[in-house]
Undergrad: 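What follows is a single structure, and I will ask about it in a moment.
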Amino acid sequence: MRDVLSTGFFARNVHEVAPDLIGVTLLVDGVGGPIVEVEAYEPSDPASHAYRGQTPRNASMFGPPGRAYVYRSYGIHALFNAVCSDEG
């Protein structure tokens, strides 16, 4: 049986969640590994994809805590983001 992080785990400030994700194993269809690096962005940070507001591309970032937002960086790397705090 695998442990699954609850919605409550993510329903906190991003700066609390981020360090707690280090060492967590992320698997998709059985493929993945441990999280070894994290970054944390508030919606008010210009580096956040949420900074300019909701768009069709980033809509999942405005959903409930624990929702994933995945995008490609430079068309090569898939980057995983976890929604934290309250919905919206």
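In this text, all values refer to a predicted model and were calculated from it rather than measured experimentally.
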Undergrad: Which atoms form the tightest heavy-atom contact between A40 and V14, and what is the distance?
TA: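 Nearest pair, atom of A40 first, then V14: CB-CG2, 3.8 Å.
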Undergrad: Working to the nearest 0.5 angstrom, can you tell me the gap between C84 SG and R67 CZ?
TA: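 Between atom SG of C84 and atom CZ of R67 there are 13.5 Å.
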Undergrad: Could you check if a side-chain atom of V70 sits within less than 4.5 angstrom of a side-chain atom of L79, using non-hydrogen atoms only?
TA: no
Undergrad: Answer yes if V83 and F62 sit in the same cluster of Ile, Leu, Val, Met, Phe, Trp and Tyr residues linked by side chain heavy atoms under 4.5 Å apart, and no otherwise.
TA: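 No, no single cluster joins them.
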Undergrad: Can you tell me how far CG of D86 sits from CG of N13, rounded to the nearest 0.5 angstrom?
TA: 10.5 Å
Undergrad: Around atom OH of Y71, are there more than 12 heavy atoms of other residues, nucleotides or ligands at under 6.0 Å?
TA: yes
Undergrad: Measure the CD-CG distance between E37 and L21 for me, rounded to the nearest 0.5 Å.
TA: 12.5 Å
Undergrad: What heavy-atom pair brings S48 and P43 nearest, and what distance separates the two atoms?
TA: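 Heavy atoms only, the tightest pair is OG-CA, 4.1 Å.
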Undergrad: Is there a donor in the side chain of T55 and an acceptor in the side chain of N58, or the other way round, less than 3.5 Å apart?
TA: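 Yes, side-chain donor-acceptor contact under 3.5 Å.
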Undergrad: If you round to the nearest 0.5 Å, how far is CZ of F10 from CG of L5?
TA: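 Here the rounded value is 4.5 Å.
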Undergrad: Grouping I, L, V, M, F, W and Y whenever their side-chain heavy atoms are under 4.5 Å apart, do F80 and Y69 come out in a common cluster?
TA: no
Undergrad: With a cut-off of under 6.0 Å to the ring centre and 45° to the axis, is R12 in cation-pi contact with F9?
TA: yes
Undergrad: Answer whether the closest heavy-atom distance between the side chains of Y51 and E42 falls below 4.5 Å.
TA: no
Undergrad: Below 4.5 Å, heavy atoms only, C-beta onward: do Q54 and M61 meet side chain to side chain?
TA: no
Undergrad: For A68, does its backbone N or O pair with a side-chain atom of S60 as donor and acceptor, under 3.5 Å?
TA: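 It does hold such a pair.
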Undergrad: Is there a chain of hydrophobic side chains (I, L, V, M, F, W, Y, each step under 4.5 Å between heavy atoms) that links I35 to V17?
TA: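 Same hydrophobic cluster.
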